[in-house]
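By convention in this document, chain letters (A, B, ...) are assigned in the order of the sequence lines, proteins followed by strands, and residues within each chain are numbered from 1.
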Amino acid sequence: MATKKNYWLMKSEPETFSIDDLSRDQSTLWEGVRNYQARNFMMKDMKVGDEVLFYHSNAQPPGVVGIAKISKKAQPDPSCYDKKSPYFDKKSTKQIPRWFCVEVSFKQKFPELISLDEIKQEPQLKDMLVVKKGQRLSIQPVAENDFLYLLEMASVKMARE
DNA sequence: GCCAACGTTGGC
DNA sequence: GCCAACGTTGGC
């Protein structure tokens, strides 16, 4: 069992749930993940205290808008039992839940987003999954170095203002 | 709105 | 277990 802190990138469409929504609510259950790879990251690898790059997808421009942290480990995703929810899944039962979600808490909103384009322009960040073509996973692991480098980019921007 | 890149489903 | 058809994601 790893004790070292892990880093992640989590995508959300701002029209559905933005960094401002998280800032207002302070914490949220990350419901609606219906991809096994993403689910497995939440179930197996995410720990309370892990830090998260909050990413706006389908946005103009798309990019990292702030920082969040994992505040509760994975639990069965309540939205898969809700017939009215777009995330309802009749194959998921209370006895054998198929989908899980973690709780994510607000940490910080960047004064200015780090756009996908800027990330692509940094040779340092070329291994980040988010810049790779066809990488659609909504939850991605992030290397510590890349996480820190991105924070540095955010603080440089801050200082410039 | 388009479409490439995937992931999932279901017939066989 | 293969694979075609279909659905989704998400940048552009």
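- Note on ring orientation: taking the six-membered ring where Trp is involved, the planes of A:Phe54 and A:Trp30 are perpendicular (angle over 60°, cut-offs 30° and 60°).
- Applying the salt bridge (Lys or Arg N to Asp or Glu O under 4.0 Å) rule to A:Asp21 yields the partners A:Arg24; only residues at least two apart in sequence or on another chain are considered.
- Side-chain polar atoms of A:Glu122 and A:Tyr149 form a donor-acceptor pair below 3.5 angstrom.
- Side-chain atoms of A:Ser57 and A:Arg136 form no donor-acceptor pair, as typed in the model, at a separation below 3.5 Å.
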Quick one: what's the B/S/- string for nucleotides 5-12 of chain C, heavy-atom cutoff under 4.0 Å, read 5' to 3'?
---BBBBS

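- Side-chain contact of A:Ser115 with A:Asp117: a donor-acceptor pair under 3.5 Å is absent, judged by distance alone.
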